[in-house]
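Lettering follows sequence order; numbering is per chain, from 1.
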2 protein chains.
Amino acid sequence: MAGIKDVARQAGVSVGTVSNVINRPEAVLPETRARVLAAIEELGYVRSESARQLRAGRSRIMALLVLDMGNPFFVDVARGAERAARQAGLGVMVCNSGQSPAEEAEYLGMFAEQRVCGVLVTPADATGRNLDSFSRHRIPYVLVDRVASGAGSCAVSVDDVRGGALAVGHLISAGHRSVAYVSGPGDLHQIRDRREGALSALAEAGLPPGALVEIPSDRLDVAAGRDAGARLLGLVPRPTAVFCANDLLALGVLQALYAAGVRVPQDIAIVGYDDIEFAAAAAVPLTSVRQPAVVMGRMAAELLLEEADDEGGTHEHRSVVLQPELVVRASSSTPR
Amino acid sequence: MAGIKDVARQAGVSVGTVSNVINRPEAVLPETRARVLAAIEELGYVRSESARQLRAGRSRIMALLVLDMGNPFFVDVARGAERAARQAGLGVMVCNSGQSPAEEAEYLGMFAEQRVCGVLVTPADATGRNLDSFSRHRIPYVLVDRVASGAGSCAVSVDDVRGGALAVGHLISAGHRSVAYVSGPGDLHQIRDRREGALSALAEAGLPPGALVEIPSDRLDVAAGRDAGARLLGLVPRPTAVFCANDLLALGVLQALYAAGVRVPQDIAIVGYDDIEFAAAAAVPLTSVRQPAVVMGRMAAELLLEEADDEGGTHEHRSVVLQPELVVRASSSTPR
DNA sequence: CACCCGGATTGAAACAATTCATTCACCGCC
DNA sequence: GGCGGTGAATGAATTGTTTCAATCCGGGTG
């Protein structure tokens with residue numbers, strides 16, 4: 001494959017001039033420039049990004065490590081991040097950790113080798129161990145959908161405690177006195193915060209913590225939701241409402257209830273979380289807590305760019321907390 | 001940041017030895033190896049992927065360029081591809097063209113600069129111009145969800161003509177005599193093939209081509225589906241069934257019909273395409289044409305790896321065509 | 001006519017790894 | 001004791017770019 005030297009020879013100039021044509025065209029005589037461009041065209045020259053990177057010390061790629069790209073919520077986050085990154089001329093590399101700290105560690109290692117200019121990450125590892133060791137590499141990172149622990153980085157999150165309170169407060173005010181919480185992997189902060197919010201809503205209404213019945217789940221997808229739905233049906237006494245840690249779970253629960261002939265919302269009301277696009281199109285349109293996912297992705301990318309571009313070491317880490325919003329639909333609208 | 005030379009100095013060996021410790025540990029005396037590993041640990045050394053790439057001539061990243069990551073179908077394709085790639089020790093870079101030939105061209109250019117080891121691409125550009133000019137770079141690529149045009153590459157696709165025929169054949173045998181086709185961007189092969197299949201099913205049943213009423217759409221998402229649904233309601237006479245070019249459109253149509261009080265399937269039957277996970281969880285569970293998306297991603301990645309690993313120039317391009325499968329659910333099950 | 005200045009161009013150094021021919025030390029064998 | 005062979009370690013060459021000090025050339029000025 002043709003390199004810059006071949007182009008230089010073909011055009012009868014030095015390599016430096018070719019480099020200038022590519023990077024600072026105005027510094028080259030138009031005639032020379034034309035000759036070089038012709039040579040580039042003729043040889044089909046494409047500059048090698050690895051060589052540039054080697055010289056520059058870091059690549060022009062931003063990494064995004066999310067829990068699950070099968071969740072439309074994260075797809076939206078990715079969309080927001082990508083838009084911001086491309087505006088700055090950067091590529092984005094999107095990867096899934098699948099909520100596995102081991103996978104997360106592997107990807108972080110890969111990012112370090114690639115010398116990415118920064119990482120947006122939704123941590124799968126509540127201990128923070130992965131990120132601790134990652135920070136040795138001096139590669140800036142921004143936490144997404146998670147508040148900053150310590151002051152090692154910027155973070156963009158949504159107030160999950162408030163989101164949980166909104167969801168369960170809504171159910172309580174619709175007359176429900178016993179609510180199931182279909183949770184997810186216990187080591188995810190999001191899940192814990194949403195529960196905490198749910199409990200605070202109960203407390204505020206004067207209900208005991210026992211009014212929240214947890215249905216644990218180790219994944220956050222539709223299949224896990226179906227499974228949780230089946231367990232919900234077996235509970236005695238059966239709660240009259242269920243709050244799900246995300247919409248995928250909620251859709252699964254809804255399917256399980258539907259299959260068992262249980263009416264939603266008459267027999268059991270459902271509230272989900274994330275307000276993914278499919279929530280509105282569900283069998284019974286789903287009440288959900290909307291998160292500004294695209295905005296979150298965009299802001300995270302912007303914070304990262306700011307930190308990465310910071311030469312003088314003047315960057316100060318910031319934590320942005322966005323507010324969720326309850327969207328009421330049919331799945332919870334008629335109290336029993 | 002520490003380089004291989006710093007490690008060598010720290011451990012009191014040469015750079016070659018450090019490289020050997022990393023790449024061929026068995027060729028180094030255990031004692032030396034331990035000393036080097038200790039130095040690596042102490043200095044927090046991470047090898048530079050760009051330097052390796054520069055020497056190797058190509059990177060260890062495979063690119064995947066799809067039409068829209070907001071479509072769960074492509075998320076599944078990505079999952080399949082990623083699994084296969086990681087098994088071979090490669091990273092995957094997933095990008096959206098958003099069905100725009102210009103974006104596609106931009107991404108392909110970026111992949112060439114990155115010297116990716118190969119590209120999996122769902123072309124957005126029916127002219128094939130982008131890929132034609134891309135093939136100059138000698139970077140192998142595999143067409144995904146598209147039959148090979150010419151013999152320039154491998155391809156993995158699903159028989160869309162048959163898929164369209166399955167969908168409309170099903171509707172005809174349920175008694176429908178007039179079917180709307182909510183299409184998508186006219187320059188996408190998938191869309192055209194599905195229509196062709198639909199027409200062939202009509203012909204086989206002795207119905208005129210006019211029995212298929214096309215409702216054009218320029219995007220393939222839920223919002224476009226809602227829009228198409230509104231237009232469907234305005235048609236006189238109104239078709240009794242609608243076949244949508246993908247499930248996102250179908251979900252949008254379903255929402256629009258639901259909002260207008262039109263019953264599905266009693267008043268209008270709906271068939272979608274892709275059988276994404278959310279199709280089964282829809283307001284009325286959606287009949288759909290299932291595509292083996294994960295398998296497609298995996299096979300495409302495997303074909304690419306085979307071509308990329310081929311040293312002797314013995315590789316022969318292959319086209320794999322998978323078969324779709326009709327999944328009947330409530331949205332079409334009761335003929336009017 | 002000598003001098004200087006500016007813009008255009010040059011060419012070598014640096015980046016961080018891999019590779020490979022070479023060196024080195026040591027062992028056993030004749 | 002010399003010799004060949006072997007396993008381990010070496011270090012220079014290579015990869016393609018960017019950058020920057022140095023060079024070159026032409027024209028204007030004193």
Side-chain angles (χ1 to χ4, degrees), chain A residues 1-37 39-40 43-61 89 109-110 112-117 137-139 311, chain B residues 1-37 39-40 43-61 89 110 112-117 137-139:
Chain A
M1 181 162 254
I4 205 171
K5 270 186 279 197
D6 305 294
V7 174
R9 194 174 333 117
Q10 172 93 7
V13 297
S14 73
V15 293
T17 301
V18 177
S19 178
N20 281 337
V21 168
I22 296 168
N23 301 303
R24 293 189 294 282
E26 74 287 354
V28 178
L29 234 44
E31 189 211 349
T32 318
R33 197 191 315 156
R35 210 148 25 98
V36 171
L37 289 174
I40 286 176
L43 297 175
Y45 166 76
V46 179
R47 84 176 150 197
S48 154
E49 186 61 25
S50 20
R52 305 187 74 195
Q53 279 174 30
L54 175 57
R55 187 101 223 299
R58 60 155 140 140
S59 84
R60 296 152 44 75
I61 289 181
M110 173 171 147
E113 290 195 348
Q114 302 271 354
R115 303 284 196 276
V116 296
C117 60
H137 306 312
R138 308 289 193 77
I139 295 178
E311 301 289 322
Chain B
M1 180 163 259
I4 205 172
K5 270 186 280 195
D6 306 295
V7 175
R9 194 175 331 116
Q10 172 94 4
V13 297
S14 72
V15 293
T17 301
V18 177
S19 177
N20 281 336
V21 167
I22 296 167
N23 301 302
R24 294 192 293 282
E26 75 287 354
V28 178
L29 233 45
E31 189 212 349
T32 317
R33 198 191 314 158
R35 209 147 25 97
V36 171
L37 289 175
I40 286 176
L43 297 175
Y45 166 75
V46 179
R47 85 175 149 197
S48 154
E49 186 61 25
S50 22
R52 307 186 73 197
Q53 279 174 31
L54 177 57
R55 187 105 222 301
R58 60 157 141 140
S59 83
R60 295 152 44 74
I61 288 181
M110 171 172 150
E113 290 194 349
Q114 303 271 354
R115 303 285 195 273
V116 296
C117 61
H137 307 312
R138 310 288 195 76
I139 295 178

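- Nucleic acid contact class of A:G16 (heavy atoms, under 4.0 Å, all strands): base.
- Proximity of A:T32 to the phosphate of C:dT9: a side-chain N or O atom is located under 4.0 Å from OP1 or OP2.
- Summarising the geometry, the separation between CZ on A:R58 and P on D:dT18 is reported as 16 Å, rounded to the nearest angstrom.
- Contact annotation: A:R47 side-chain N/O to D:dT17 OP1/OP2 distance is not under 4.0 Å.
- Applying the 4.0 Å criterion to OP1 and OP2 of C:dC15, one finds that A:R115 has every side-chain N and O outside that range.
- Residue contacts shown for A:R33 are absent, as no nucleic acid heavy atom lies under 4.0 Å away.
- Although no hydrogens or angles enter the test, the distance criterion places a donor-acceptor pair under 3.5 Å between the side chain of A:N23 and the main chain of A:S19.
- At a threshold of 4.0 angstrom between heavy atoms, the contacts of B:S50 with the nucleic acid are absent.
- A:S48 comes within 4.0 angstrom of the backbone, heavy atoms only, and of no base.
- As judged by a 4.0 angstrom heavy-atom cut-off over every strand, B:L29 is placed among residues touching the sugar-phosphate backbone only.
- Nucleic acid contact for B:V46: sugar-phosphate only, since backbone atoms but no base atoms lie under 4.0 Å from a heavy atom of the residue.
- Remark: C1' of D:dA12 and CD1 of B:I4 are 14 Å apart, rounded to the nearest angstrom.
- Atom-to-atom distance recorded for A:T17:OG1 and A:I22:CD1 is 11.0 Å, nearest 0.5 angstrom.
- Atom CD in A:E31 sits about 12 Å away from atom C1' in C:dA8, given to the nearest Å.
- Rounded to a whole Å, the NZ atom of B:K5 is 13 Å from the P atom of D:dG11.
- Between the CZ atom in A:R58 and the SG atom in A:C117 there is a gap of 6.0 Å [rounded to 0.5 Å].
- Under 4.0 Å is where a charged nitrogen must lie from a carboxylate oxygen, and between B:R115 and A:E49 no such pair does.
- For the OP1/OP2 pair of C:dT18 and a distance below 4.0 Å, the side-chain nitrogens and oxygens of B:S19 include at least one atom meeting the criterion.
- The CZ atom of B:R60 sits 13 Å away from the C1' atom of C:dA17 (whole-angstrom rounding).
- A:R55 comes within 4.0 angstrom of a nucleotide base, judged by non-hydrogen atoms across all strands.
- Closest contact between the side chain of B:V15 and the listed nucleotides C:dA12, C:dT18, D:dA9 involves C:dT18.
- In terms of phosphate contacts, B:N23 brings a side-chain nitrogen or oxygen within less than 4.0 Å of OP1 or OP2 of C:dT18.
- Straight-line distance from the CD atom of A:E113 to the C1' atom of C:dA16: 13 Å, rounded to whole Å.
- In this structure, B:R52 atom CZ and D:dT15 atom P are separated by 18 Å, rounded to whole Å.
- With a 6.0 Å radius and a threshold of 12 heavy atoms from other residues, nucleotides or ligands, A:E26 has its CD atom above the threshold.
- Of the candidates C:dG11, D:dG16, D:dA9, D:dG16 carries the atom nearest the B:L54 side chain, counting heavy atoms from C-beta on.
- Listed nucleotides D:dT19, C:dA17, D:dT17 differ in distance to A:A51; the shortest reach to its side chain belongs to D:dT17.
- For the pair B:Y45 OH and C:dA17 C1', the computed distance is 7 Å after rounding to whole Å.
- Distance CG/B:L37 to OH/B:Y45: 12.0 Å, rounded to 0.5 Å.
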